[in-house]
Amino acid sequence: MAYFSSCSKTRHCYSPMLKNFLLGIIVVVSTFQVLVSALDDSTAAKSLSSNLEGPGDDVGAFAVLPDVNEDGQSIEAEINQIDDTNLSFEELYEQGVRAYDDHLWYSCANKIERAVQDYKVFKHTLSNCRLECSKGLRESQLANLTSQVPDFSTFGKFLRDADCYRRCTEESLDTHPQLTDRMESAFEKRLPYHYLQFCYYKLDRLKLAASAAYTYYLANPQDVDTKQNIVYYRDTAKVSETDFVDLELQPYKEHYIRALLAYDEHQWGSVIFHFEGCLEEYFKEHERCLSDCEGKGQLQGPEFSTVVADAIVDIMACKLDCEKKLSTIYTEPIKLLLQDIYHHLQFAYYKEGELEKAAEATASFLLLNSTHQVMLDNKAILKKELHYTDDDFIPQKDVAEYAALREEMQALMDIIKREYRLRDLLPEGEVINLLSRADQDLKETDDWMSRYEKLGMHIISKSVDLHRHERFVTDGLLKEDQCEELLALTEDLPTEPIGSRKFDLKVARQRLEDDLNEDYEASLRLFVRAAEVVRHYTQRYLQISVSLHLKYTSIVCWSQPQEPALIESCHIQEDGTCVRFDDMADELYSDSYTTVTYLNTADEDGDFQFLNEKNEVDSAFGIKCGRTVGFNSGDRHTIKVPKSGNPRCAMVIRYTTDVNNDEKDYHDTLTLLQRIDELRLANEAKNAKDIMKQFEEEGVRVVQTGKELLGTERFVADGLASDAQCSTLRSMVQNGALLGDGYDHLDSKPSFISPHTEHEMYQGITIYRAAKLAQQNTISPFGLRAFLELSEKSRLLVENYFNLTKPLYFDYTHLVCRTAVGDNSDRQDLSHPVHADNCLLQSDGSCTKGYPAFTQRDYSAILYLNDDFDGGEFFFAHSNKTEQVAVKPQCGRLVGFNAGDFHGVRAVTRGQRCALALWFTHNPNFKELAHIQARKTLKQLELEPEVQHHEDL
Ligand SMILES: O=C(O)CCC(=O)C(=O)O
Ligand SMILES: [Fe+2]
């Protein structure tokens, strides 16, 4: 006989991880790596956790407040100083943060706590007003507004709702804060609790501190310091497990958690009570979420209907996201939360003998997921027991409305996605396709940090350590070669008497227009791209919902001034000026931000310093290539000019959220670069047939075409390299390969282990590194020449074999060897798992474009250098990762294909397999500058008389 299944038999059950949470055990990773901080040793700059010491000896739980603050000022005096009635929560919060800065712990805790409460009231009021107004529950002067004017019924509703909403909020709120995106994001990310935690800690209110830390942690589970602090609190006698309270826990979540605990205990009555409560609260919360979305439309542009329509699309997307937003319990996302609730509830009803209610829960579940087998089986059982027909299974009213609304919104959104001409989220994207669809995935901020980390960017200091939110320091935004190329842009520029030298786009455009120099053009393209990467990162980091626009982009270098008196009584700024702060008002929380990305390490000193209102150093750090500091443009800061040696250079970018205020020079530069492309395209007279014939004459033969290789843009050619060239490149890897993957991760220790498999050693050398090594005489100019020639030959073959109408540029060039290590005979894995080179292959077979996939890549080619190894066949693959057709490597064999094709490499089970891997792009902005540099280096070396040429070229 079929038997009634409980939730625990299905996949919808909560995970063991969540259960740990439920039982009050806070899962804290204790062996995380502490991020290296480049902050100097000023006490202010230390992270919070490093300030945590054991508590004073004799204080019991809920200690009385200490009498004096750290600096000796009495708390009572501090309390008496508080005069802040009628402050908005924003003002309270700002003052609380200042109090934190000033070590006034009581004021800090008091103000921030009130800010948090007032913020809750504020949000609640807005939601209620919206709901009441849209449902017509409030009296309105305009209630009977009607008109014969066409369209007025729609406009009339807008007018009525807007009027109602304004009156409602004005009546209900004492203060009228202008909630900025930044402030909202700070509260939504629970940043106030981070401050609160520390201030409570300083006041020795450890239970409160523990709750605040825990509350912050739940929204920021990646935060290392907070995890450490929680461990600390847990280990102190004053705090017990039950003191870790989520201070932002919504009622439906509390019910949910209690229901699950009761479920574990088989207390079915209690399960029913809490899940019913949970549902009631959930639908309320969902309704509130929907109504909050009404405030999330972005208004840009003068055209009424497009502005409104775009805003509606934003709002709809926000509403469709509500379900996901509400589905995280603690830090655990519960897939299909509603289904999960109905499933549990159904079982509890059944256990309690409430079969009609069980049937209702079953119907409710099936409304959300009509093909769920367990539920269909349960339905069959209930049908029998209750003598029901299908018609008797009626879902709950709330869920029926919920499902209908969702379905309707989804259908509308599908049409919009398919048919509606959306505004360009990235206006410059049409001119210059930098990061494809960058802003589209801006909304999925969940895992952007780990994506950036994969690209070698890592945060080294966050807002809290830097004493104000919206400050960050991140490493790895540029690689060494990119820094070098960008530095080249500042050569030949005049140094001002004050000691600064500045490159900007006005200078650049002029120069390019006067003389179209390929090197300069390439560096300029890199500059534009780098600016875009930094902008993108900053936008993500600060989580500002409106787009950041570049207001001014420059490179500024500082060296000691000829007349030191010029900088005596002022603060040197990154932007090339020296200011006196007392002359100017701080304009924090304005809509303007600055980032500074360093291009070199100063020979001596050169530190960056954040200053507080008294112009004392808040925090400071040293500089190096790729390190980026971001801050609000009103933040006080200064730098130390290096006393001697090279100037200290950085890319300095100012941003604005005002679309009308972005940099004209930037757009003009993009247009100029675009014009150069077009010109080049028009002048390009090439004949693919002739070139292919030439290849044939040189002994290059295409041995397999797309037909044999079961794809469209694929081929294999032989005879591209001589044995001498193959062995020269191989020995270059032995001599000069950067151990590890060769991708030059800053700071990361080189390692032999392949990033793809532990059974192989992986050594690589880029064209940039090859040029450097040739300069140092580690590899011969012949080697560099072979590297360059074979790369170019491969590029030309791919471009012409596919008969491409647009030029193909190098995007990345990497000479790689994979060597079997240890006993390799019964390995099951691959040398390189199945992937595509320009998108991320997902488990469902789709391939997503976006970070960290190199979406700019259009074609790929691998030129093989040897065959004296076992395994290591290249293969094309299906999207389900199974093998389609394999190619055996040998010296001079090249496989060329569309970069979107799936492929992989079988395990290398004996010996070493070497290949030159090449990725190409049509986008000139991604042109690999190192090729230009390497050609220059080669020319220089071959002109130097002492270089001996043994080999015949
Ligand atoms: O070495 C090969 O045959 C292919 C390597 C590859 O696909 C890659 O590095 O992306
Ligand atoms: Fe690949």
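For ligands, and for the atoms within them, numbers begin at 1 and follow the listed sequence. These numbers were taken from a predicted model, which means no experiment stands behind them. By convention here, the first residue in the shown sequence is residue 1.
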#### Entry: Atoms of ligand 1 close to F874 [distance to a heavy atom under 4.0 angstrom, numbered from 1]
3 (O), 4 (C)

### Task
Using the six-membered ring wherever Trp is involved, compare the ring planes of H835 and H832 and label them parallel, tilted or perpendicular (cut-offs 30° and 60°).
parallel

### Message
Going by salt bridge (Lys or Arg N to Asp or Glu O under 4.0 Å), D870 matches just one of R827, R910, R913. Which one?
### Response
R910

### Message
Quick check: H835 and ligand 1, any N/O pair under 3.5 Å apart?
### Response
yes

### Message
Could you check whether Y859 and F802 have their ring centres less than 6.0 Å apart?
### Response
yes

### Message
Let me confirm one number: the CD-CG distance from E484 to L478, rounded to the nearest 0.5 Å.
### Response
12.0 Å

#### Entry: Face-on cation placement of R785 at F782 ring, 6.0 Å and 45° thresholds
no

### Message
Give me the atom names and distance for the closest heavy-atom approach of N800 to A688.
### Response
OD1-CA, 3.3 Å

### Task
Counting heavy atoms only, name the option from R857, H832, H903 that's nearest to atom 9 (O) of ligand 1.
H832

### Message
Below 4.0 Å, non-hydrogen atoms only: which portion of V816 touches ligand 1? Side chain, backbone, both or neither.
### Response
neither

## Note on the structure
Here the atoms of ligand 1 under 4.0 Å from any heavy atom belonging to V905 are 1 (O), 2 (C), 3 (O), 4 (C)

### Query
Listing by chain and number, what protein N/O/S atoms are under 2.8 Å from the Fe ion (ligand 2)?
H835 NE2, D837 OD1, H903 NE2

#### Entry: Distance filter under 4.0 Å to R913 heavy atoms, resulting ligand 1 atoms
1 (O), 2 (C), 3 (O)

### Task
Before giving the answer on ring pair (Phe, Tyr, Trp, His ring centres under 6.0 Å), spell out for H922 and Y809 the whole-Å C-alpha distance, their side-chain angles and the decisive distance to 0.1 Å.
CA-CA 6 Å; H922 281 313; Y809 304 105; 8.1 Å; no

### Summary
For residues 694-704, the side chain to side chain donor-acceptor pair (under 3.5 Å) pairs (sequence neighbours left out) are none

#### Entry: Under 4.0 Å to a heavy atom of Y864 - the qualifying atoms of ligand 1, by number
2 (C), 3 (O)

### Task
Measure up the F810 and H931 rings against each other and bin them: parallel (under 30°), tilted (30 to 60°), perpendicular (over 60°).
parallel

### Message
Need the ligand 1 atom indices (1-based, order shown) with element for anything under 4.0 Å from a heavy-atom of W919.
### Response
8 (C), 9 (O), 10 (O)

#### Entry: Side chains of Y666 and T553, donor plus acceptor under 3.5 Å
no

